[in-house]
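Take a look at the structure below.
In what follows, chains carry the letters A, B, and so on, assigned in the order in which the sequence lines appear, proteins first and then strands, with residues in each chain numbered from 1. Only heavy atoms go into these numbers, but all of them, side chains included; no hydrogens, no water, no symmetry mates.
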Amino acid sequence: MDYNKLAELLFPHITKDPAEYEALYPQRELPMGAKVTRLGPSPTGFIHLGNLYGAFVDERLAHQSGGLFYLRIEDTDDKRQVDGAVEAIISSLEFFGVSFDEGATMDGDKGEYGPYHQSQRAEIYQTYVKQLVQRGAAYPCFCTEEELSAIREEQESLKENPGYYGKWAKHRDLSFDEIQSRIEAGQAFVVRLRSKGIPGGSGEARTISVEDGIRGTLTMPENEQDVVLLKATGIPTYHFAHVVDDHLMRTTHVVRGAEWLPSLPIHVELFQTMGWDLPIYCHTAQLMKMEDGNKRKLSKRKDPELSLDYYRSEGYHPKAVREYLLTILNSNYEEWRMEHPDAPQEAFPFTVEKMSNSGTLFDLDKLNDISKDVLVKIPATELASFLIEWARAYKPEILALLLENQDYLIKILDLGRSGDKPRKDFIYARQMFDFISYFYDDYFQQEDAYPDNVTAADASVILSSYLESYDHQDDQAQWFDKIRGIAQANGYAAKPKDYKKNPVQYKGHVGDVSTVIRIALMGRSMSPDLWEIQQILGEDKTRERIQRMI
RNA sequence: GGCUCCAUGGUCAAGCGGUCAAGACACCGCCCUUUCACGGCGGUAACCCGGGUUCGAUUCCCGGUGGAGUCACCA
């Protein structure tokens, strides 16, 4: 078989030589040890926490080593394209603080190693495939879907490994004439690798071992499959695109999810037959979800609530999400954070060795807890703008309300946050607004009932005397003395301790009296300090609400 | 089913041959407090099973079991 002739038959339009590309994309000039990483999302319009998790690893690895991090769009599957998906991905990642040094951007590609959209690299891939055909390392296959599934069925009935390999590779040794006549007949074809692997069934199977940055030495059987390199459309499969691109773009570290582990042998054989060095693979653990008592990998289809857009629309602060991801990313992050409560996240010395390699369950409680700690450190003015921006995008009906009096909003958000032990009331924007909503008349409503030990009659008396004695000018001590007085006058202990000593003697204590007032004013039993709230609310509104409750 | 990865409390997770087996979240109790929080203190709770190796295994090896992932002209 004259492979050169075959290559010309298959790729008459390809005139470039691979060497041209090697020259076009030279070794990068970077300091020793600098890592080049990349994120390669496919634009299906959906990006979730797991993607962000991986992106952080890439980003940290690159920037901590003085290297660079680029974005490559892996749009080789024409059936799954979603309009605007690339923009959505970039905007989502940007919101959560992931930025790229190179690659696809909102306004086109940036960088010397592009194009960064795989769909625009067809000629490059074909040039390399042509070379492979010339060397006899790849061949055209005309099998139809039906033929392929027939092979599979037969393999299943014989209990042999499924796939296109060895004796099952029907078109592996087609004659030139046969190929030519099929092409002239207009038959579609894919190009397959002529794998050098020895089929496992023969008992001669060999193994390969690969050093993984996270997992150490990986041992697995070598590849035996004649995998598809180029689809009938002339666009490569992931496998081939990965190998060509990461070589040409000079990627040093390939960070990807553990679901890629099974196809690692394919990539190893591909790198070998191309004669290129293997990048360092870092296979990260999957983010899992609990379902029916079992852990399960996060799925794009089934778990829309784990999409990045979900967190954005709930109003989680990007810093909080990052902080959470960092804590599950590196086992010593939490410890480091306790020692450096105010250090920026970038100061953390991230290492792949400290990454967990078993599946991590996503824990909303933990995220919420971390979020509280993060938000408490953000100044009220910043929090106010954050809340406003969130409302603009996700809850426009409250936007005018927030914008109307921003000083008021800032005061509200700042309640109880000064001092050594600030309150940690805020978790995410949607919850924040719920939490402070009673400050706005349109959203003020009775949510909680009076304590059980306070009768309706008592409550009414308490409120009446409170209103009567209320002086907006009172300082906190004066104000509270009056409440003590009201408590005592109505059979409630002025101090909780008195009540505890002698529970039978009282109906309750001053706390119950405060709760009645609190419910009248806020409609709920949980809120920051009463006196401070009244100062923000103003005298008129305070009186009005008490009056209405009576 | 083949192949691969993983295995410490409910969850996350230290540990890397000898520890009363850290810590965080959640949960419970107490304290502080005018309530709610915040904070402080304390508590319940774990090395999947069976063989080895060793003076000694959570830790190393083998075998089970369990969970997960993957077997496409998807990535």
Side-chain angles (χ1 to χ4, degrees), chain A residues 40-44 74-77 79-80 118 141 143-145 148-149 152 156 159-164 188-192 200-201 215 218-221 225 227-233 235-239 241-242 256-265 283 285-286 288 290 294-297 300 324 327-328 331-332 334-335 337-338 354 356-370 372 376 416-417 419-425 448 451 476 479-480 483-484 487 494-496 509-519 522 524-531:
Chain A
S42 63
T44 53
E74 312 213 328
D75 51 355
T76 55
D77 184 7
K79 298 180 198 75
R80 294 203 310 177
Q118 289 182 333
C141 164
C143 283
T144 60
E145 248 178 79
L148 254 20
S149 52
R152 168 171 294 272
E156 270 170 22
K159 295 208 157 84
E160 293 204 27
N161 285 345
Y164 204 85
F189 66 91
V190 300
V191 179
R192 288 181 183 273
R215 292 158 192 270
L218 258 22
T219 307
M220 40 186 75
Q225 300 278 337
V227 289
V228 173
L229 266 20
L230 225 46
K231 305 186 221 178
T233 53
I235 297 293
T237 55
Y238 167 86
H239 306 301
H242 151 55
R256 37 141 82 148
E259 74 269 25
W260 287 107
L261 240 21
S263 43
L264 186 56
H283 289 96
Q286 294 297 139
M288 313 293 273
M290 193 62 98
N294 282 128
K295 277 187 183 183
R296 196 198 71 209
K297 179 189 157 195
K300 295 186 180 191
Y324 172 67
T327 72
I328 58 174
S331 55
N332 48 343
E334 250 182 312
E335 204 172 59
R337 177 50 86 197
M338 276 189 267
K354 284 289 183 185
S356 159
N357 49 13
S358 58
T360 290
L361 204 60
F362 174 76
D363 186 351
L364 195 62
D365 279 331
K366 188 92 176 181
L367 202 213
N368 285 162
D369 181 69
I370 286 171
K372 286 182 187 177
V376 81
R417 302 174 87 234
D420 294 344
K421 296 173 189 168
R423 300 179 62 90
K424 296 177 182 172
D425 292 324
D448 294 332
Q476 197 159 7
W479 166 81
F480 190 65
I483 293 188
R484 281 218 160 97
K495 292 180 179 171
H509 60 81
V510 66
D512 298 315
V513 175
S514 304
T515 303
V516 170
I517 299 167
R518 169 174 266 112
I519 284 172
M522 266 78 79
R524 56 183 81 171
S525 57
M526 252 168 51
S527 79
D529 182 73
L530 250 179
W531 182 80

Stems formed with participation of RNA chain B [Watson-Crick or G-U wobble, under 3.5 Å, three or more pairs]: B:1-7 with B:65-71, B:10-12 with B:23-25, B:27-31 with B:39-43, B:48-52 with B:60-64
What integer distance in Å separates [X]:[atom1] from [N]:[atom2]?
| X | N | atom1 | atom2 | value |
| --- | --- | --- | --- | --- |
| Phe189(A) | C73(B) | CZ | C1' | 12 Å |
| Gln286(A) | G69(B) | CD | P | 8 Å |
| Arg423(A) | U34(B) | CZ | C1' | 13 Å |
| Ile328(A) | A26(B) | CD1 | C1' | 16 Å |
| Asp420(A) | G40(B) | CG | P | 12 Å |
| Met522(A) | U34(B) | CE | C1' | 12 Å |
| Lys424(A) | G40(B) | NZ | C1' | 13 Å |
| Arg256(A) | A75(B) | CZ | P | 13 Å |

What heavy-atom pair brings [X] and [Y] nearest, and what distance separates the two atoms?
| X | Y | answer |
| --- | --- | --- |
| Ser514(A) | Ile483(A) | OG-CG2, 4.2 Å |
| Val376(A) | Arg423(A) | CG2-O, 3.3 Å |
| Arg484(A) | Ala494(A) | NE-O, 3.0 Å |
| Leu218(A) | Leu261(A) | CD2-CD1, 3.9 Å |

[X]: side chain to side chain contact (heavy atoms under 4.5 Å, CB included) partners, not counting sequence neighbours:
| X | answer |
| --- | --- |
| Asn332(A) | Asn330(A), Glu335(A), Phe348(A), Lys354(A) |
| Gln225(A) | Tyr165(A), Asn223(A), Val227(A) |
| Gln476(A) | Trp479(A), Asp529(A), Trp531(A) |
| Pro496(A) | His509(A), Val510(A) |

Whole-angstrom distance between [N] and [M], as gauged at atom [atom1]:
| N | M | atom1 | value |
| --- | --- | --- | --- |
| C55(B) | G17(B) | C1' | 11 Å |
| A57(B) | G52(B) | P | 11 Å |
| G9(B) | A45(B) | C1' | 5 Å |

Please identify each residue that fulfils side chain to side chain donor-acceptor pair (under 3.5 Å) with [X], with sequence neighbours left out.
| X | result |
| --- | --- |
| Ser525(A) | Asp448(A) |
| Lys231(A) | none |
| Asp363(A) | none |

Distances under 3.5 Å between protein N/O atoms and the N/O atoms of nucleotides 22-24 of chain B, please, pair by pair.
| unit_1 | atom_1 | unit_2 | atom_2 | d |
| --- | --- | --- | --- | --- |
| A24(B) | O2' | Glu334(A) | OE2 | 2.7 |
| A24(B) | O2' | Lys366(A) | NZ | 2.7 |
| A24(B) | N3 | Lys366(A) | NZ | 3.3 |

Please name all residues satisfying ring pair (Phe, Tyr, Trp, His ring centres under 6.0 Å) with Tyr238(A), sequence neighbours left out, ordered by chain then number. His242(A), Trp260(A), His267(A)
With sequence neighbours excluded, what pairs up with Tyr324(A) under the ring pair (Phe, Tyr, Trp, His ring centres under 6.0 Å) test? Phe362(A)
With a 4.0 Å cut-off on heavy atoms, is [X] in touch with a base, just the backbone sugar-phosphate, or nothing at all?
| X | result |
| --- | --- |
| Thr515(A) | sugar-phosphate |
| Arg417(A) | nothing |
| Thr233(A) | nothing |

Distance check: side-chain N/O of [X] vs OP1/OP2 of [N], anything under 4.0 Å?
| X | N | result |
| --- | --- | --- |
| Lys372(A) | A37(B) | no |
| Ser331(A) | A14(B) | yes |
| Lys354(A) | C12(B) | no |

Nearest to the side chain of Glu259(A), heavy atoms from C-beta on, is which of G39(B), C74(B), G69(B)? G69(B)
Selection from A13(B), A75(B), C73(B) that lies nearest to any side-chain heavy atom of Val190(A): C73(B)
Below 3.5 Å between N/O atoms, which protein atoms pair up with nucleotides 1-5 of chain B? Just atom names and distances, please.
| unit_1 | atom_1 | unit_2 | atom_2 | d |
| --- | --- | --- | --- | --- |
| C5(B) | O2' | Arg215(A) | NH1 | 2.7 |

Please figure out whether Gly511(A) or Val228(A) has its closest RNA chain B nucleotide nearer the 5' end. Gly511(A)
